[in-house]
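Chain A is the first sequence line, chain B the second, and so forth, proteins listed ahead of strands; every chain is numbered from 1. This one's a predicted model, so the numbers in the text were calculated from it and none came from an experiment.
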Amino acid sequence: MQKEMEKTSQEAGTSGNMSGLAVERKGCELVINGISSFSLYHTLECGQTFRWRREGDCYEGIVRGRALRLRQNRGDSISVWIPASAPDNEVYDILSLVREYFCLDSDHAGVELRLREVDPLIGPAIDYASGLRLVKQDPWECLISFIISARNRIPLIIAALNKLSRRFGRPVAGPEGATFWAFPGPEELSRASEADIHECGVGFRSGYVLDAARAVANGEFDLNGLSLLSLDEARQSLMQLRGVGRKVADCVLLFAFQRYEAFPIDVWMERVMRYLYFRNEPVTLDEIQTFARRRFGDLAGFAQEYLYHYARNCLAEELRAWTAAGALDGHRSTPVIPG
DNA sequence: ATCCAGGCCATAA
DNA sequence: TTATGGCCTGGA
């Protein structure tokens, strides 16, 4: 096993991106050192995912049907729980899963550096959440998650996704005898009735979820095929699904298909962009989109996550006061006419 | 109580 | 093509 890990470390170090991961197996955990700028907290609590949960100083979740438990160590290092008696090949699978999901081999410090260079205003957001990485989510779970996110709140979204998993997903053995519930696949969900889904707290989006499940399950909608399309084509394709508009489509493309040029704009992003970049200028949503793509280019998605997370956690009061003061009135494409 | 929260859809001009 | 109202739900 030690040899296998050394080999892994070497491969990572010579893979062309100089990631230089060093992996070590220690009893029940796999320690991964030398990650290029990594914060488990910011990565899992910035809002891109919904189903990871914090347990003490660990985060637990399911990736590709496997239960994972992770902990951040000092510096850019994490530990991954592994069964003490796991054979080498299983440990290797877990390592591969974590590496891929968190994109551990990417030069994230370089991403942060480039963003700071192209935009001085984003500095504070990166200072606050340095190590925030975009993860590689399962496209199906990501799609349903963001359909449910429409006109909804995070605690309710989480509750709905967990209920769906508990009811329609498969149980997965986790650390220390714990049971995790995998998110149900399109086939499993397509066998549910709209009433079943509604009972999970999905609300008026229940029909959208069931439609999507059926379309994907019967092959009418090719989710994996999206990776072959251009960003615009893939977005148009996703938006043919009921319940999927521009914002939800961009979230799926960014979080599941690594289309880092995507820049999803929700109410928080609209507020923070107007506040930081267009303080007293009238701009439309489209103009904000265009501005972001031009300024951040192929790193727009990263910029979006830093700004979104920063806005919610650091600027909430400021933004509330600003909008309450009527700052947005008259600064949209169509001014509100009283009376 | 009324309002609103990580949008989208169906109408209407 | 762009502007409005309504929508499950539950917490303030």
Between P83(A) and I94(A) the two heavy atoms that sit nearest each other are CD-CD1, 4.2 Å

Rounded to whole Å, please give me the gap between CD1 in I147(A) and C1' in dC7(C).
16 Å

Looking only at heavy atoms, the pair that brings S165(A) and L161(A) closest together is OG-O, 2.8 Å

Let me know the distance between CG of N162(A) and C1' of dT9(C), rounded to the nearest Å.
17 Å

Using the P atom on both, measure dA1(B) against dT9(C) and round to a whole Å.
16 Å

Between atom CG in L156(A) and atom P in dG11(C), what is the gap in whole Å?
7 Å

Can you see which heavy atom on E305(A) is nearest to which on F255(A), and at what distance?
OE2-CZ, 3.5 Å

Atom P, compared across dG6(B) and dT2(C): separation rounded to whole Å:
26 Å

DNA chain B in dot-bracket, Watson-Crick or G-U pairs under 3.5 Å, [ ] crossing, | other strand?
.||||.|||||||

Rounded distance in Å between the C1' positions of dG11(C) and dC8(B):
23 Å

Should the pair Y306(A) and H108(A) be assigned to parallel (<30°), tilted (30 to 60°) or perpendicular (>60°) ring geometry?
parallel

Provide a list of protein-nucleic acid N or O atom pairs under 3.5 angstrom, restricted to nucleotides 8-10 of chain B.
from, atom 1, to, atom 2, distance (Å)
dC8(B), OP1, G245(A), N, 2.9
dC8(B), OP1, G245(A), O, 3.4
dC8(B), OP1, V248(A), N, 3.0
dC9(B), OP1, G243(A), N, 2.9

Between dG6(B) (P) and E305(A) (CD): distance, integer Å
14 Å

Could you check whether the side chain of R151(A) and the base of dC4(B) have a donor-acceptor pair of N or O atoms closer than 3.5 Å, going by distance alone?
no

In terms of side-chain geometry, is the basic nitrogen of R69(A) or E55(A) positioned less than 4.0 Å from the acidic oxygen of its partner?
no

dG6(B) OP1/OP2 closer than 4.0 Å to side-chain N/O of H309(A)
no

Taking the C1' atom in each of dC3(B) and dG5(C), what is the distance between them to the nearest angstrom?
15 Å

Measure centre to centre between the rings of W140(A) and F257(A), then say whether the value is under 6.0 Å.
no

Quick one: are the ring centres of F296(A) and F302(A) less than 6.0 Å apart?
no

Round to a whole Å and report the spacing from CZ of R271(A) to C1' of dG7(B).
14 Å

Please report the distance, rounded to the nearest Å, between NE2 in H198(A) and C1' in dC7(C).
10 Å

May I ask you to say whether R205(A) pairs ionically with D211(A), meaning some side-chain N is under 4.0 Å from a carboxylate O?
no

For atom CD1 of I154(A) and atom C1' of dG7(B), their distance in whole Å:
14 Å

How many Å lie between CG on L161(A) and P on dG6(B), as a whole number?
15 Å

Smallest separation among heavy atoms of R116(A) and G123(A), with atom names:
NH1-O, 3.5 Å

